[in-house]
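Reading through the structure tokens given below for one structure.
The structure presented is a predicted model; accordingly, all values stated were derived computationally and were not measured.
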Amino acid sequence: MNILFTICGRAGSKGFKNKNLKKLNGIPLVYYTLSVIGLYMDRHMENQVTVALNTDSKELQQLIKEQNIIDNVILVNRKEDLASDVAAKVGVIQDTFFQCREKVDFDVIVDLDITSPMRRLCDIEAAIDGLLSDQSCDLVYSVVPARRSPYFNMVEKKDNYYRKICSSMYTARQQAPASYELNASIYAYSSRFLAGTIDKTILDYNCGIVVMPDYLVLDIDSEEDFEMMELLFGHFAKNDKGLQEVVQIIQK
């Protein structure tokens, strides 16, 4: 099986300046992503793995050149029309796929977000397996169990007052259907899906999920997020063997 892992990070960030270049506990964020890809390559030598970085950041490209976790990372220059604040990330992933498939016919494309590094090898394996198990599935993304339910205790403004997002008669959260939050960490796409026209948000297509523990919910979009991530990653890595493996690869 041929797998393309994409890493996408543009230069700068209005919400949190240069967040893709930050060091988490002294280690560049992007190295956590490379590390878990390296783990996948070691455990699944039966698969052909290609890794590509799509960016317009010279600094991020330099970080990739300086590392020795993964050899031959393909550098794809971010197109100007895909570098705006409103450009959908799936367009960047799709462009990376188109440029890389000239040499390889990929079966699965897995995007790993730089700013959501708290992921384990088992999470990636589950996403890929979930995608391959359903031929009608367009993509599988990672989620965590929601701490709030749109049927019970999440509200929005309707007709000048605030009401539940999803109308219901539930009196207890336990009665409501299970809800999940995307944690922006893993997206596994079928090549069929990326090769076609994508004219809706990805959540409007045939999606599957891989459920990760709720303590892996955080992604970095502010200075406060980053501070919490440093504390949480260091804490949970002490007891989570999957996170420990990621850190050990970097340290080696």
Side-chain angles (χ1 to χ4, degrees), residues 1-11 20 30 33-34 36-41 44 46-57 60-61 63-65 69-117 119 121 123-142 182-210 219:
M1 180 170 61
N2 292 317
I3 300 178
L4 171 64
F5 280 94
T6 61
I7 306 171
C8 305
R10 64 189 179 94
N20 291 315
V30 70
T33 297
L34 293 173
V36 77
I37 296 174
L39 278 171
Y40 185 89
M41 294 171 68
H44 295 276
E46 74 279 7
N47 295 332
Q48 180 67 39
V49 173
T50 301
V51 183
L53 170 72
N54 187 308
T55 187
D56 55 350
S57 168
L60 193 54
Q61 290 182 355
L63 284 174
I64 294 297
K65 293 176 181 177
I69 302 170
I70 295 177
D71 297 327
N72 303 318
V73 176
I74 298 172
L75 298 179
V76 178
N77 290 321
R78 178 73 59 90
K79 293 180 178 178
E80 187 174 350
D81 62 322
L82 294 174
S84 70
D85 293 333
V86 297
K89 188 179 182 183
V90 67
V92 180
I93 298 167
Q94 191 176 38
D95 183 59
T96 308
F97 164 64
F98 286 149
Q99 294 195 49
C100 293
R101 73 170 181 172
E102 295 177 0
K103 296 182 179 179
V104 181
D105 187 16
F106 296 107
D107 300 293
V108 177
I109 300 84
V110 181
D111 182 71
L112 301 180
D113 197 283
I114 296 174
T115 57
S116 187
R119 63 174 80 87
L121 172 62
D123 301 316
I124 296 174
E125 292 171 329
I128 294 174
D129 290 344
L131 181 69
L132 296 176
S133 67
D134 184 351
Q135 293 299 311
S136 297
C137 188
D138 297 317
L139 67 146
V140 171
Y141 47 77
S142 58
L182 279 70
N183 65 348
S185 186
I186 304 167
Y187 296 84
Y189 296 88
S190 73
S191 58
R192 166 191 52 77
F193 176 68
L194 286 186
T197 299
I198 303 173
D199 54 8
K200 299 179 289 187
T201 71
I202 59 173
L203 299 185
D204 291 316
Y205 290 92
N206 295 334
C207 303
I209 62 172
V210 53
D219 65 307

Roughly how far, to the nearest 0.5 Å, is the CZ atom of Phe5 from the OG1 atom of Thr96?
14.5 Å
To the nearest 0.5 Å, how far apart are CG in Leu39 and CE in Met41?
11.0 Å
[X] side chain near [Y] side chain, heavy-atom distance below 4.5 Å:
X: Leu194; Y: Val90; answer: yes
X: Asn20; Y: Val30; answer: no
X: Leu203; Y: Leu182; answer: yes
X: Asn47; Y: Tyr40; answer: yes
X: Cys8; Y: Asp111; answer: yes

With Ser116, which residues qualify under side-chain hydrogen bond (donor to acceptor under 3.5 Å, both in side chains), at least two apart?
none
Of all residues at least two apart in sequence or in a different chain, which pass the side-chain hydrogen bond (donor to acceptor under 3.5 Å, both in side chains) check with Thr55?
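Partners of Thr55 under the side-chain hydrogen bond (donor to acceptor under 3.5 Å, both in side chains) test: none.
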Quick one: list whatever passes salt bridge (charged side-chain N to carboxylate O under 4.0 Å, His left out) with Asp219, sequence neighbours left out.
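Here no residue qualifies.
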Applying side-chain contact (heavy atoms from CB on, under 4.5 Å) to Ile114 and Leu60, what does each step give before you reach the verdict?
CA-CA 11 Å; Ile114 296 174; Leu60 193 54; 3.9 Å; yes
Kindly determine whether Arg119 and Thr33 satisfy side-chain hydrogen bond (donor to acceptor under 3.5 Å, both in side chains), including the steps that lead there.
CA-CA 9 Å; Arg119 63 174 80 87; Thr33 297; 3.2 Å; yes
List, one per line, each side-chain donor-acceptor pair under 3.5 Å for residues 98-110, sequence neighbours excluded.
{"from": "Gln99", "atom 1": "NE2", "to": "Asp95", "atom 2": "OD2", "distance (Å)": "2.9"}
{"from": "Asp107", "atom 1": "OD2", "to": "Asn2", "atom 2": "N", "distance (Å)": "2.8"}

For the side chain to side chain contact (heavy atoms under 4.5 Å, CB included) test, which of Asp113, Leu112, Ile209, Asn183 pairs with Ser142?
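Exactly one pass, corresponding to Asn183.
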Output field: ring centroids Tyr189/Phe97 closer than 6.0 Å:
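No: the rings miss the under 6.0 Å criterion.
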Side chain of [X], backbone of [Y]: donor and acceptor closer than 3.5 Å?
X: Arg78; Y: Ala11; value: no
X: Asn206; Y: Asp138; value: no
X: Asn54; Y: Ile93; value: no

For residues 69-77, which side-chain donor-acceptor pairs fall under 3.5 Å, sequence neighbours excluded?
{"from": "Asn77", "atom 1": "OD1", "to": "Gln61", "atom 2": "NE2", "distance (Å)": "3.3"}

Taking the six-membered ring for Trp, are Tyr205 and Phe193 parallel (under 30°), tilted (30 to 60°) or perpendicular (over 60°)?
perpendicular
Give every donor-acceptor pair under 3.5 Å between a side-chain atom in residues 126-136 and any protein atom, sequence neighbours left out.
{"from": "Ser133", "atom 1": "OG", "to": "Asp129", "atom 2": "O", "distance (Å)": "3.3"}
{"from": "Ser133", "atom 1": "OG", "to": "Gly130", "atom 2": "O", "distance (Å)": "2.9"}
{"from": "Asp134", "atom 1": "OD1", "to": "Ser136", "atom 2": "N", "distance (Å)": "3.0"}

